[in-house]
Every structure is written in structure tokens, then in C-alpha cells.
Visitor: 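Got a structure for you, questions after.
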Amino acid sequence: TSVAFDPDARTAYYTEDNYAFRDLIAVDVDTGRKRMLLRDARIGDMVMNPADKSIWGIRHENGLATIVRIPPPYSDFNQVHSFDYGQIPFDLDISSDGSKLSASFGEINGSQSVRVWATDSLSPTSDPVEIARLEMPPATPEGFIFAPDGKSLYGTSFYTGVSNVFRFDIGTQKFEALTNASTGFFRPMPQPDGSLIAYEYSGKGLQPVQFRP
């Protein structure tokens with residue numbers, strides 16, 4: 001499934017029917033009450049834009065991947081930008097001010113990167129303005145999300161042979177390893193206090209670990 005969360009509304013948005021055309025469902029996390037928002041929308045990789053509470057995602061149809069925007073009350077969506085055949089964005093994230101959008105990005109030749117675009121440059125008729133790009137060949141950078149200040153991204157990659165956490169500075173376009181794991185760290189989440197939470201495989205399964213600056 002794909003999940004986006006609005007902490008102010010205490011509502012999670014997720015997809016069902018994932019082996020077919022993907023329905024968009026909203027659930028109140030306090031009451032468990034669910035409601036259907038969009039049926040057969042074909043949208044995944046969702047993320048909540050904190051600036052205007054719109055949901056952004058990727059829609060797949062006819063072999064093309066399209067970034068879409070679902071504005072409140074989430075009853076319809078707008079096609080923002082369609083990529084060329086063979087170009088596949090995934091793992092979307094949006095900065096806290098809504099000005100930048102990031103995605104892992106696969107090319108038809110198999111190369112993988114993370115792209116950062118100016119959100120207001122995404123349109124159906126022109127190529128988006130690329131602010132930064134992270135390449136870590138031969139590894140795939142995955143799950144990169146914005147720091148609270150929007151100046152860097154945190155994610156993971158098997159660049160060292162094991163999944164480790166990396167920080168990518170958007171201004172300098174340089175990356176650095178933050179962990180040196182033997183079993184692998186996954187899904188890093190920067191916190192407002194400057195710490196970082198990531199998940200590590202251990203004898204008890206997947207466990208959260210907090211790193212202090």
C-alpha cells in the first residue's frame with residue numbers, strides 16, 4: 001500500500017486494491033472510521049504537502065508515470081507532469097514549505113538517482129526545473145525525505161554493500177554516510193530536534209534506533 005498522513009486532521013490516507021487500479025481511502029486514526037475518496041485512481045507513492053494539505057502521488061497508466069496533485073477535499077486529482085516512457089519516479093517527498101519535491105528516479109537504461117525539483121515548475125507542458133541530483137552508482141538511493149528545514153535529504157543506499165543512511169546537501173550537492181551498519185538501516189526520519197530515527201534489523205526484527213546530532 002501507499003500511505004500519507006495529516007497529523008493536524010488525525011487522518012491517514014492509503015491505497016487499497018493495489019493489484020488492480022488502486023482506490024484512495026481515508027481513515028480517522030482515532031476512531032478507525034474509513035471512507036472511500038477515489039475509486040480506481042491508479043495513484044501510489046503518496047505524500048502530504050504540509051503547506052496546503054494537498055496529496056501528491058504518482059499515477060501509472062498506458063506505460064507512463066505522471067505526478068498528480070489531489071487537493072482537499074480529495075474528490076478529484078490534477079495531472080501535474082507526465083514523464084517520458086521508461087522514466088519512473090518513486091518515493092516522493094515534499095519540503096515543509098511546499099517549494100521543493102524530491103523523488104527517486106529510474107531511467108530506461110537502468111540508472112537510478114534522486115531528483116529535486118522546484119514544485120512550481122512542474123507543469124504538463126514543460127520539463128520541471130531541477131534543483132539538485134544525487135547519483136550513487138552502481139547503487140540505488142532510496143526513501144530520501146527532506147529535513148525539517150528543507151536544505152537536505154536523508155535516505156538509504158547499498159552504496160557500501162549494506163543499507164546505510166546518507167545525508168544529501170541540496171546546496172552543495174554532496175552526500176555523506178551517517179551510519180556504518182553490519183545488518184542495515186532503513187527508512188530514516190529526521191526529527192524537529194535534529195535527531196534521526198532509522199530502523200535496523202536485529203534478532204527481534206525491525207527495531208527503531210535514534211541518533212543524536
Side-chain angles (χ1 to χ4, degrees), residues 2-9 11-14 43-58 65-72 80-81 83 87-106 112-123 127-136 139-159 163-179 185-199 208-213:
S2 178
V3 179
F5 181 58
D6 182 355
D8 298 323
T11 301
Y13 303 88
Y14 68 97
I43 298 171
D45 286 281
M46 300 186 305
V47 63
M48 173 72 64
N49 184 343
D52 63 5
K53 299 301 184 181
S54 61
I55 297 173
W56 292 57
I58 299 171
T66 300
I67 292 179
V68 300
R69 177 179 179 270
I70 312 170
V80 178
H81 181 78
F83 293 90
Q87 293 182 327
I88 306 295
F90 57 100
D91 287 345
L92 286 187
D93 197 39
I94 296 179
S95 60
S96 59
D97 63 0
S99 66
K100 295 186 286 290
L101 181 143
S102 68
S104 293
F105 197 83
Q112 307 279 337
S113 61
V114 170
R115 311 283 177 93
V116 182
W117 300 292
T119 306
D120 60 8
S121 74
L122 291 157
S123 78
D127 291 334
V129 174
E130 185 175 302
I131 298 172
R133 181 184 300 193
L134 169 63
E135 295 177 317
M136 306 176 72
T140 300
E142 298 177 301
F144 274 75
I145 63 174
F146 284 97
D149 62 7
K151 295 180 180 180
S152 58
L153 292 163
Y154 293 82
T156 58
S157 172
F158 282 84
Y159 186 71
S163 182
N164 274 298
V165 178
F166 291 83
R167 178 183 180 272
F168 176 57
D169 185 281
I170 295 172
T172 64
Q173 300 201 41
K174 295 181 178 180
F175 68 87
E176 60 176 335
L178 300 182
T179 65
F185 287 109
F186 303 88
R187 192 60 179 172
M189 294 177 290
Q191 304 299 301
D193 64 359
S195 66
L196 184 75
I197 294 176
Y199 288 84
V209 178
Q210 187 170 29
F211 301 91
R212 294 292 182 183

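For the numbers below, each heavy atom of this structure counts, side chains included, while hydrogens, waters and symmetry mates do not. We count residues from 1, following the sequence as given.
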Visitor: Under a 4.5 Å cut-off applied to non-hydrogen side-chain atoms, are Tyr154 and Leu178 in contact?
Guide: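 Yes - at least one pair of side-chain heavy atoms lies under 4.5 Å apart.
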Visitor: List in chain and number order the residues that pass side chain to side chain donor-acceptor pair (under 3.5 Å) with Asp127, two or more places apart in sequence or in another chain; answer none if no residue qualifies.
Guide: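 If we apply the side chain to side chain donor-acceptor pair (under 3.5 Å) test to Asp127, skipping adjacent residues, there are no hits.
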Visitor: Does Ser121 have any side-chain contact (heavy atoms from CB on, under 4.5 Å) partners at least two apart in sequence or in another chain, and if so, which?
Guide: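 Result, side-chain contact (heavy atoms from CB on, under 4.5 Å) vs Ser121: Ala118, Pro128, Val129.
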Visitor: Return the set of residues passing side-chain contact (heavy atoms from CB on, under 4.5 Å) with Ala139 (not counting sequence neighbours), or none when no residue passes.
Guide: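 side-chain contact (heavy atoms from CB on, under 4.5 Å) list for Ala139, sorted by chain: Ser157, Tyr159.
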Visitor: Within this structure, what is the OH-CE distance for the pair Tyr14 and Met46, rounded to the nearest 0.5 Å?
Guide: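 Output value for this atom pair is 10.0 Å.
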Visitor: Could you check whether any side-chain N or O of Ser102 sits under 3.5 Å from a backbone N or O of Arg115, counting only pairs where one atom can act as donor and the other as acceptor?
Guide: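 No; judged by distance alone, with no hydrogens or angles, the pair does not exist.
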Visitor: Can you name the closest pair of heavy atoms from Pro188 and Gly155 and give their distance?
Guide: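 That closest heavy-atom pairing would be CG-CA, 3.6 Å.
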Visitor: How are the rings of Trp117 and Phe83 set to each other: parallel, tilted or perpendicular (split at 30° and 60°)?
Guide: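 Taking Phe83 first and then Trp117, their aromatic rings sit tilted (interplane angle of 30° to 60°).
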Visitor: Please list, chain by chain and in numerical order, all residues satisfying ring-ring contact (aromatic ring centres under 6.0 Å, His included) with Phe186, sequence neighbours excluded.
Guide: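 By the ring-ring contact (aromatic ring centres under 6.0 Å, His included) rule, Phe186 matches Tyr201.
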Visitor: Would you list the atom pairs, donor with acceptor, under 3.5 Å between side chains in residues 143-153 and any protein atom, with sequence neighbours excluded?
Guide:
from, atom 1, to, atom 2, distance (Å)
Asp149, OD1, Lys151, N, 3.0

Visitor: Using the test ring-ring contact (aromatic ring centres under 6.0 Å, His included), find all partners of Tyr199 that sit at least two apart in sequence or belong to another chain.
Guide: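 Scan of Tyr199 (ring-ring contact (aromatic ring centres under 6.0 Å, His included), adjacent residues dropped) gives none.
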Visitor: Please report the interatomic distance CD(Glu176) to CZ(Phe168), rounded to the nearest 0.5 Å.
Guide: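 Separation between the atoms: 12.0 Å.
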Visitor: Compare every heavy atom of Phe175 with every heavy atom of Glu135, then report the nearest pair and how far apart it is.
Guide: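 Here Glu135 and Phe175 meet closest at O-CE2, 4.1 Å.
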Visitor: Measure across Gly44 and Ser2 and return the closest heavy-atom pair with its distance rounded to 0.1 Å.
Guide: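 Where Gly44 meets Ser2 most closely, the heavy atoms are C-OG, 3.7 Å.
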Visitor: Just do the side chain to side chain contact (heavy atoms under 4.5 Å, CB included) check on Val80 and Trp56 with the steps written out, would you?
Guide: CA-CA 9 Å; Val80 178; Trp56 292 57; 4.0 Å; yes
Visitor: Report yes if the side chains of Ile67 and Leu101 come closer than 4.5 Å at any heavy-atom pair, otherwise no.
Guide: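 Yes, their side chains come closer than 4.5 Å.
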Visitor: Atom OG in Ser99, atom CD1 in Ile131: separation rounded to 0.5 Å?
Guide: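 Between atom OG of Ser99 and atom CD1 of Ile131 there are 6.5 Å.
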Visitor: Which residues pass the ring-ring contact (aromatic ring centres under 6.0 Å, His included) test with Phe211, not counting sequence neighbours?
Guide: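 Phe185.
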Visitor: One pair to check against side chain to side chain contact (heavy atoms under 4.5 Å, CB included): Met136 and Val114. What are the steps and the verdict?
Guide: CA-CA 9 Å; Met136 306 176 72; Val114 170; over 6 Å; no
Visitor: Applying salt bridge (charged side-chain N to carboxylate O under 4.0 Å, His left out), name anything that partners Asp6, two or more places apart in sequence or on another chain.
Guide: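 With sequence neighbours excluded, Asp6 shows a salt bridge (charged side-chain N to carboxylate O under 4.0 Å, His left out) to Lys53, given in chain and number order.
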Visitor: About how many Å separate OG of Ser113 and CZ of Phe105, when rounded to the nearest 0.5 Å?
Guide: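 It is 7.0 Å, given to the nearest 0.5 Å.
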Visitor: Could you walk me through whether Ile55 and Ile43 pass the side chain to side chain contact (heavy atoms under 4.5 Å, CB included) test, one step at a time?
Guide: CA-CA 10 Å; Ile55 297 173; Ile43 298 171; over 6 Å; no
Visitor: Determine whether Phe5 and Met48 satisfy the following criterion, side chain to side chain contact (heavy atoms under 4.5 Å, CB included), listing intermediate values before the conclusion.
Guide: CA-CA 6 Å; Phe5 181 58; Met48 173 72 64; over 6 Å; no
Visitor: Nearest 0.5 Å please: distance from the CG atom of Leu196 over to the CD atom of Gln191.
Guide: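 That separation rounds to 7.5 Å.
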Visitor: Listed by chain and number, what are the salt bridge (charged side-chain N to carboxylate O under 4.0 Å, His left out) partners of Asp52, not counting sequence neighbours?
Guide: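 With sequence neighbours excluded, Asp52 shows a salt bridge (charged side-chain N to carboxylate O under 4.0 Å, His left out) to Arg69, given in chain and number order.
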Visitor: Tell me every residue that passes side-chain contact (heavy atoms from CB on, under 4.5 Å) with Asp169, counting only those two or more places apart in sequence or in another chain.
Guide: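 side-chain contact (heavy atoms from CB on, under 4.5 Å) check on Asp169 returns Arg167, Thr172.
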Visitor: Compare every heavy atom of Ser95 with every heavy atom of Pro50, then report the nearest pair and how far apart it is.
Guide: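 Scanning both residues completely, I find the closest heavy atoms to be CD-O, 3.8 Å.
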Visitor: Which distance, rounded to the nearest 0.5 Å, do you find between the CD1 of Ile58 and the CG of Asp91?
Guide: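 Going from the CD1 atom of Ile58 to the CG atom of Asp91 covers 8.0 Å.
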Visitor: What closest approach, in Å, do Ser195 and Arg212 show between heavy atoms, and which atom pair accounts for it?
Guide: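 Closest approach of Ser195 to Arg212: CB-NH1, 4.0 Å.
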Visitor: Could you work out, with side chain to side chain donor-acceptor pair (under 3.5 Å) as the rule, every residue matching Arg187, not counting sequence neighbours?
Guide: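 Result, side chain to side chain donor-acceptor pair (under 3.5 Å) vs Arg187: none returned.
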Visitor: Got a sec, which residues hit side chain to side chain donor-acceptor pair (under 3.5 Å) with Glu130, two or more places apart in sequence or on another chain?
Guide: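 Once residues adjacent in sequence are excluded, the partners of Glu130 under the side chain to side chain donor-acceptor pair (under 3.5 Å) criterion are Arg133.
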Visitor: Which pair of heavy atoms, one from Gly98 and one from Ile94, lies closest together, and at what distance?
Guide: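 Heavy atoms only, the tightest pair is CA-CG2, 3.8 Å.
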